[in-house]
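For reference, the structure discussed in these notes is given below.
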Amino acid sequence: MMNLFVLQLLNGVQLGVLLFLIAAGLTLVFGIMDVINLAHGVLYMVGAYLIATFAAATGSFWWGFLLMLPAAVLVGLILEFVVMRRLYARSHLDQVLATFGLVMIATEAVKIIWGTAPLSVPMPDVFSGSIPLMGPLKYPVYRIAIIVAGLAVGLGLFVMVNYTRVGMLLRAGATNRSTVSALGVDINRLFAVVFTLGAVLACLAGALVAPILSVDTGMGESVLILTFVVVVIGGIGSVKGAFLGALLVAVVDTVGGVFGPIWLREIMDPAAAGQTGRVLAPMLVYILMAVILSVKPAGLFGRTA
Amino acid sequence: MTSLTVRNLTKSFGALKVTDDVSLAVEPGEIHAIIGPNGAGKTTLISQLSGQLGSDGGSVSLGDRDITRLSMPDRVKLGLARSFQITSVLPGFTTLENVALAVQAREGSSFRFFGTVAREEALNRAALKALAEAGLDHRADVLAKSLSHGEHRRLELAIALATEPSVLLLDEPLAGVGGEDAETFVANLQRLKGRFTMVLIEHDMDAVFQLADRVSVLVYGRIIATGTPQAIRSDPQVRAAYLGEEEEAA
Amino acid sequence: QDVPAGASDDVLKIGLVYTLSGPPAALGEQARDGFLLAAEKIGELGGMKTEIIIVDDEGKPDLAAQKANELVLRDNVDFVVGPIFSNILMAIVQPVTSTGTVLISTNAGTSTLAGEACNPNFYTTSYQNDQNHEVMGAYAQAQGYNNVFLMTPNYQAGKDSQAGFKNSYKGGTAGEIYTELGQLDFSSELAQIAAFQPDAVFTFMPGGMGVNLVKQYSQAGLSGIPFLSAFTVDETTLPATQDAAVGMLGGANWAPDMDNAANKEFVDGYIAKYGAVPGTYAMQAYDAAQLINSAVAKVGGDLTDRAALHAAIKEADFDSPRGDFSFGKNNFPIQDFYLVEAVKREDGMYGTSVKEKIFDDYVDNYADQCKM
Amino acid sequence: MLDVNGLEAGYGDSQILFGIDFRVREGEVVTLLGRNGMGKTTTIKSIFGLVKPRAGSVKIGGKNLTGADPHRIALAGLGYVPEGRQIFPTLNVEENLRATARPGKWTLQRIYDLFPRLHERRRNMGNQLSGGEQQMLAIGRALMTNPQLVVLDEATEGLAPLIRADIWACLERLKQEGEAILVIDKNVDALTRFADRHVVVEKGRVVWTGSTPELLASPQVKDRFLHV
Amino acid sequence: MSDATATLTAPRRALTGRLKAALVLFVLFALMPPLAAALNDPFYVLIGTRILAFAIAAMALDLILGYGAMVSFGHAAYLGFGTYAVAILASWGVNDLVLQILAAIAISAIFALVTGAISLRTKGVYFIMITLAFGQMAFFFFISLSAYGGDDGVALMQRSTVLGMDLLKSDFGLYYTTLAILVALFVLCHRIVGSRFGRVLTGIRENPTRMEAIGYSPFRYQLTAFVISGCITAVAGVMLANQAQFVSPAFMSWHRSGELIVMVVLGGVGTLAGPIAGAVAALLLEEWLGALSEHWKLFFGVFLVLMVLFSPRGITGLLEKAGIARRQE
Ligand SMILES: Nc1ncnc2c1ncn2[C@@H]1O[C@H](COP(=O)(O)OP(=O)(O)OP(=O)(O)O)[C@@H](O)[C@H]1O
Ligand SMILES: Nc1ncnc2c1ncn2[C@@H]1O[C@H](COP(=O)(O)OP(=O)(O)OP(=O)(O)O)[C@@H](O)[C@H]1O
Ligand SMILES: [Mg+2]
Ligand SMILES: [Mg+2]
């Protein structure tokens with residue numbers, strides 16, 4: 001039992017890093033630039049489709065990955081130039097409406113281009129094995145690679161946001177664009193670059209998870225809400241918060257899903273516990289968020305403005 | 001009986017003690033000025049008095065009622081109102097509506113779901129009067145967000161006046177109000193003197209020394225002196241900490 | 001009996017209601033394509049000028065109800081065909097059948113409609129939902145498994161599927177768990193499976209969930225444990241899972257490699273036209289078109305005689321790619337069920353393949369409750 | 001240095017400026033005077049391109065930059081202390097100073113020497129500063145961009161007399177170092193000690209300009225702005 | 001005091017401009033069924049009912065979103081309470097619309113009171129997300145409700161009666177009843193918005209600290225508005241259940257909440273009539289574009305983006321530009 005608990009904890013942490021990888025771009029664009037981009041999920045999906053296409057065309061995951069990057073930059077730049085830059089100064093609701101439109105456009109476009117059947121991305125050979133863990137348990141190498149990638153992205157973001165001029169200017173620009181520009185900073189260009197970076201991060205996440213997750217037209221939407229939950233739980237604008245938020249969500253979800261019913265059985269009769277467990281399990285993440293926000297209304301690391 | 005009694009009030013932000021054992025007794029009808037260097041804790045003190053900030057220790061009484069635990073709205077209802085140093089108005093409302101809301105609050109009964117508030121003449125008339133007192137009646141129909149800075153400051157004052165408190169806490173009401181107008185402003189406050197008790201924070205020494213009955217000096221969260229304007233003006237400690245030489249020249 | 005408004009005109013109007021947007025669109029499209037394939041092959045269904053109206057229910061029941069209303073009240077269709085999902089079926093059954101219009105489900109087969117709420121205007125060319133799960137249960141029972149790990153998503157169909165499995169499987173279980181609907185990552189569940197080392201895993205994970213599970217199952221090195229599933233490893237998910245799914249087992253009423261002339265015509269035609277291997281969704285819709293064709297032809301295009309029309313439908317006089325096909329008293333099919341396995345086909349594509357027959361002329365468990 | 005000609009501007013339907021003309025030469029200190037709501041801030045904003053001018057021109061160092069993007073104007077050598085401080089609330093004091101800094105003689109150290117208070121509070125978030133501290137920060141932030149012309153819009157509002165005196169001393173020093181200054185402030189008496197010229201704005205028009213001696217000699221202007 | 005009279009009449013003029021727009025909408029609604037009948041398309045009456053129900057919900061959301069800056073991303077839950085009130089009461093043999101509405105309102109009021117009280121501790125995006133959380137909890141609760149079909153939902157065998165009369169049996173009856181409810185609720189919301197309470201609510205939206213400083217505790221007003229909005233939305237749910245004759249948790253998924261927000265923003269935030277127009281536009285476009293092309297979502301998306309870029313205040317903004325409705329301020 002203890003073993004399983006530890007293992008589930010580990011799984012939770014791993015899922016957390018995966019979630020953070022997906023949420024990283026959102027942290028940047030939403031948390032720090034203060035732009036609500038519902039299209040973040042579809043960018044993630046586009047990344048997966050891009051790598052699927054390029055990998056299939058070249059027959060290699062790595063070539064697919066390398067080709068995906070410039071394509072992602074292009075997608076980000078176009079999106080920024082055509083739509084997003086007109087939205088920075090607008091209200092959150094306008095951003096919601098416009099990016100909701102973008103979601104519809106992108107999802108439909110993906111459907112037209114790639115069809116509705118899910119696609120497959122081969123796992124790169126170097127990472128395809130799994131290493132033995134305790135007992136009969138094994139751990140896929142590729143997941144370790146994802147964890148490493150997630151940690152690297154997180155660290156990079158953290159340093160960028162908290163210790164570089166770009167990070168300061170982003171935070172400053174999010175609250176007061178005109179003053180920043182009147183002090184001599186080309187805020188439009190800066191936002192364009194950073195939005196594109198966010199888009200690339202989303203695509204990157206999509207590309208990295210493509211070998212283990214289904215590449216289909218719903219993949220963006222299914223993570224969108226979850227990534228928002230992660231960012232909000234951690235506290236908007238905090239990379240550290242998003243990281244811990246992701247871990248927390250994942251651990252609660254994993255461990256709670258498995259052990260919740262077991263613990264419930266301690267306090268009520270098994271049938272009722274099973275029933276209650278089933279009702280509560282899908283709500284866990286939301287209960288977690290509601291509890292955190294009602295105790296800390298600005299998330300774990302959010303600043304009360 | 002004093003109007004507002006402050007006993008041993010303290011507040012810390014982390015390691016920083018912003019107000020440190022502050023005690024004050026404000027007499028009915030007086031204008032009590034609080035001066036002190038930037039960051040001394042004046043605004044913090046006002047926020048504690050008005051209930052916007054909680055206190056770590058000490059007590060506040062309005063008349064003979066202990067209000068230490070009351071929320072800001074509850075204190076306002078008992079007659080303790082404030083103005084803000086950094087203008088805080090309703091940007092999307094007209095100047096008149098901003099003030100009318102304050103009048104409405106004073107009258108109570110805002111859980112009225114029917115009737116068109118914009119047509120309540122009594123509200124508007126009272127609001128217009130407060131605007132006139134702040135010299136802003138000619139801008140009644142302008143949205144607050146399109147007022148100039150100085151006009152904002154006047155609106156800030158008009159709102160505070162419209163709540164018709166028994167004790168009014170004014171946080172730098174003159175900041176941003178230009179020369180000639182500042183004089184009318186001071187004259188206005190002079191006229192209001194006696195109608196309510198006022199606690200006045202100002203960095204404009206001309207105004208302070210003209211208006212105040214008594215002056216307290218707050219430095220690093222502590223009151224270092226209280227007295228008549230004359231006494232304070234010539235207090236060497238105050239000169240060194242706050243007034244400097246500028247006042248000598250004046 | 002009500003004669004629907006469209007019965008008297010001389011066009012045969014058919015409305016297709018499928019989920020054509022969102023991730024399940026892949027299923028809806030297969031069904032639509034299957035139907036259109038038959039319609040195109042036959043030309044004029046039942047010898048009548050045929051008009052087919054395709055609507056997308058977007059996976060939203062209320063919208064589906066409205067679209068169904070639109071089909072019967074505005075477009076005056078003679079038949080409504082569809083949908084994929086049970087909740088959509090529940091939403092459209094009332095608006096369609098209350099006007100006397102015939103509804104043919106080509107996939108969803110909810111238990112209430114098979115039992116107490118069976119309906120003379122409602123037919124299905126698929127199955128009762130529990131049946132595929134029962135196939136797997138029977139197989140597990142036959143293998144003598146005594147320690148099966150059950151895992152399905154936490155919603156009605158998931159619960160039904162565990163119940164269905166246990167209808168025919170009487171052995172012990174290593175765990176019965178419900179995963180979150182739309183779950184991405186199954187590492188936690190896979191860890192439990194690895195820890196319990198069950199005889200087999202039974203699951204029902206439609207769509208993207210299934211793709212994720214299958215990929216991760218093989219990545220976690222669990223391929224040694226038999227993987228029994230329904231609606232998880234099929235022609236709609238195999239293009240994404242590919243080799244990861246090969247060898248996994250499922251229950252079905254048909255597989256594309258069944259050896260009969262009707263099936264050959266269907267599968268070859270489908271591959272030629274759409275470049276993909278058809279799944280059951282396509283096959284069952286294909287049969288719906290054949291069913292309509294046979295029935296309308298029998299009544300000579302006179303759709304106003306409802307009794308004759310229903311009798312003609314009941315006859316089910318067509319060659320189904322799955323072989324034997326007849327209607328039970330609840331208008332659900334009586335058919336054979338098979339154990340199927342995912343394979344890489346000779347043409348390089350992936351598909352399922354019949355491994356053994358599990359049930360012969362199988363009648364669903366709810367037919368008795370139908371008072372019709 | 002700065003040459004403003006026939007500037008017209010406004011917000012939405014309402015025109016506020018109706019032709020503003022004045023210039024600031026190298027090393028010169030010029031004030032904008034006028035009652036509340038007369039268009040002083042609007043003038044500054046249109047110089048910086050924050051409000052797009054409808055007519056007229058703004059030349060900086062001889063270059064026509066009318067209605068250019070704000071950052072281009074700032075990069076041409078203008079430093080801005082905006083009205084109402086506009087501190088970045090989510091940055092701490094030091095970050096506020098560093099975020100928009102450009103290299104030059106003003107360094108973090110010099111700012112801290114000028115405002116020791118800021119050094120004490122350097123880890124505080126922008127929105128956790130007293131009003132006066134925010135004002136110091138806004139001035140420091142503008143100086144950190146190392147401009148040739150500093151534009152101060154009510155930069156001493158809310159500052160204690162002692163600090164205000166420090167600011168005047170600082171501006172005088174800046175002037176001695178050859179920097180040009182454009183300043184709006186209600187403490188006109190203090191300005192007369194070192195300002196070279198004054199521009200009086202009324203209802204969006206320049207109604208008077210002159211040197212400090214001329215101002216002191218002109219009774220009605222003096223009456224309005226100097227309360228001696 | 002000569003300014004005073006001018007001040008007193010100006011807002012009245014602006015309000016009537018907006019009322020006029022609503023009136024035009026309502027007249028069009030009233031004329032639709034006979035027109036549909038004349039065109040031999042009575043079916044549109046059913047679509048119309050659905051639109052009206054969503055219009056009620058969108059308007060209710062606008063009451064808190066537009067006037068109180070409370071962006072509830074869980075409002076579909078109230079739609080759900082309305083629909084399930086019908087289904088559950090019907091299964092107990094209670095078929096009367098009035099009772100069903102009362103039950104829906106009661107349960108919604110309780111839910112709104114509890115979740116609102118917790119949610120209002122937060123602001124902005126945090127508020128959006130915490131309301132989403134509560135909405136999702138309600139959603140999953142109904143999914144697990146096996147007795148009422150769980151995820152599959154239940155079909156309703158008949159429409160509700162109104163005080164014993166079979167008023168809703170015909171599509172026309174249902175349509176006009178829904179329309180009457182919409183108009184009544186519009187008048188109610190309109191009065192609330194213009195009242196003392198409404199002004200306080202809007203003031204809190206603009207600057208809560210200032211409002212506290214003049215003696216209002218924002219919480220009480222916001223919570224009241226939140227509850228009112230939830231209850232009105234539940235009424236929409238009751239009508240929707242009667243229209244679809246089917247009830248399932250799908251009515252209360254977060255997509256629905258999102259769609260309600262889209263309707264409000266599309267129509268024009270803080271205008272009441274705008275969201276009604278928004279609901280009409282969104283649902284009709286879905287209907288028409290859907291008939292035109294399989295890829296209608298592409299066009300719908302483009303439409304939304306263009307709307308935001310070129311008409312920041314939604315449909316209301318478009319009308320104002322065209323001089324049809326007057327801007328209120
Ligand atoms: N954002 C705005 N929208 C509309 N009108 C505005 C806006 N800002 C200022 N105004 C108007 O423009 C006029 C000039 O304002 P400006 O801020 O330039 O005045 P100012 O001379 O700086 O006054 P002050 O001394 O009060 O700061 C005022 O009448 C004001 O109401
Ligand atoms: N929320 C906070 N967190 C940390 N420190 C704070 C916070 N609010 C204020 N302070 C600090 O408390 C001190 C007192 O601030 P306060 O605003 O009361 O000063 P003040 O006397 O009003 O000054 P001024 O005359 O400049 O307005 C300042 O040094 C300020 O930086
Ligand atoms: Mg202060
Ligand atoms: Mg100004």
Side-chain angles (χ1 to χ4, degrees), chain C residues 5 18 20-22 25 28-29 32 53-76 85-99 108-113 117 119 129 153-160 163 178 180-182, chain E residues 36 39-51 53-54 76 79-80 83 139-140 142-146 148-159 171 237 240-241 243-253 255-256 259 283 286-287 289-291 293-298 300:
Chain C
Y18 286 121
L20 298 172
S21 45
E29 288 185 354
R32 177 197 62 194
I53 303 168
I54 302 168
V55 299
D56 177 9
D57 60 46
E58 297 174 46
K60 300 174 188 161
D62 58 325
L63 188 74
Q66 167 172 323
K67 299 269 179 185
N69 270 318
E70 194 174 313
L71 287 173
V72 292
L73 296 180
R74 185 185 65 192
D75 303 327
N76 293 326
F85 295 101
S86 300
N87 57 350
I88 305 284
L89 177 61
M90 293 307 286
I92 67 174
V93 93
Q94 175 77 5
V96 175
T97 57
S98 65
T99 61
T110 12
S111 52
T112 47
L113 289 174
N119 185 319
N129 283 348
N154 191 357
Y155 70 124
Q156 197 58 36
K159 287 180 233 174
D160 290 350
Y178 290 97
E180 215 169 290
L181 201 56
Chain E
L39 292 174
N40 218 355
D41 258 339
F43 161 73
Y44 279 111
V45 176
L46 259 183
I47 296 192
T49 310
R50 188 172 127 93
I51 292 178
F54 274 102
L79 269 185
T83 54
F139 172 69
F140 285 117
F142 281 100
I143 280 204
S144 68
L145 210 62
S146 293
Y148 295 96
D151 178 58
D152 286 347
V154 280
L156 299 172
M157 287 309 139
Q158 65 186 76
R159 290 193 184 142
D171 291 348
L240 203 56
Q243 187 268 348
Q245 289 195 265
F246 171 77
V247 166
S248 94
F251 283 105
M252 51 206 308
S253 76
H255 295 93
R256 277 272 183 269
E259 283 162 14
L283 295 172
E286 179 173 327
E287 185 71 28
L289 289 176
S293 157
E294 182 192 341
H295 301 299
W296 65 272
K297 284 195 171 168
L298 192 74
F300 195 71

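Below, read A as the first sequence line, B as the second, and so on, with proteins coming before strands; counting in each chain starts at 1. Keep in mind that this is a model prediction, so the values were computed, not measured.
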Heavy-atom distance under 4.5 Å to chain C: side chain of E:Phe140, backbone, both or neither?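 Neither part; nothing is under 4.5 Å.
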
Side chain from CB out, backbone as N, CA, C, O: work out which of these in E:Leu156 comes under 4.5 Å of a heavy atom of chain C, or both, or neither.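 Answer is backbone: N, CA, C or O of E:Leu156 sit under 4.5 Å from chain C.
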
Closest non-hydrogen atom pair, [X] against [Y]:
X        : Y        : value
E:Ser248 : C:Pro61  : OG-CG, 3.5 Å
C:Lys159 : E:Ser146 : NZ-OG, 3.4 Å
C:Asn87  : E:Asp151 : CB-O, 3.6 Å
C:Asn154 : E:Ile143 : O-CG2, 4.2 Å

Pick whichever of E:Glu287, E:Lys297, E:Arg50 has the most heavy-atom pairs under 4.5 Å with chain C.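 Sorted descending by pairs with chain C, the first entry is E:Arg50.
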
Best-contacting candidate, E:His255, E:Met157, E:His295, E:Gln243, against chain C by heavy atom pairs under 4.5 angstrom: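 If we count pairs closer than 4.5 Å to chain C, E:Met157 comes out on top.
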
Chain E interface, residue from C:Leu73, C:Leu89, C:Thr110 that has the most non-hydrogen pairs under 4.5 Å: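 Most heavy-atom pairs under 4.5 Å with chain E: C:Leu73.
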
Can you tell me which of C:Ile88, C:Leu20, C:Val93, C:Leu63 forms the most heavy-atom pairs within a distance under 4.5 Å of chain E?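 Heavy-atom pairs under 4.5 Å are most numerous for C:Leu63.
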
Given a strict heavy-atom distance threshold of 4.5 Å, which part of [X] is in contact with chain E: side chain, backbone, both, or neither?
X        : answer
C:Thr112 : neither
C:Ser98  : neither
C:Gln94  : side chain
C:Ile53  : neither

How far does [atom1] of [X] sit from [atom2] of [Y], to the nearest 0.5 angstrom?
X        : Y        : atom1 : atom2 : value
E:Phe246 : C:Ile92  : CZ    : CD1   : 10.0 Å
E:Glu286 : C:Lys60  : CD    : NZ    : 5.0 Å
C:Phe85  : E:Asp152 : CZ    : CG    : 11.0 Å
C:Arg74  : E:Tyr44  : CZ    : OH    : 4.5 Å

For a salt bridge (charged side-chain N to carboxylate O under 4.0 Å, His left out) check, start with the C-alpha distance between E:Arg256 and C:Asp62, then their side-chain angles and the critical distance, and finish with the verdict. CA-CA 11 Å; E:Arg256 277 272 183 269; C:Asp62 58 325; 2.4 Å; yes

Side chain proximity check, E:Ile47 to C:Glu70, heavy atoms < 4.5 angstrom: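 Yes, close enough: below the 4.5 Å cut-off.
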
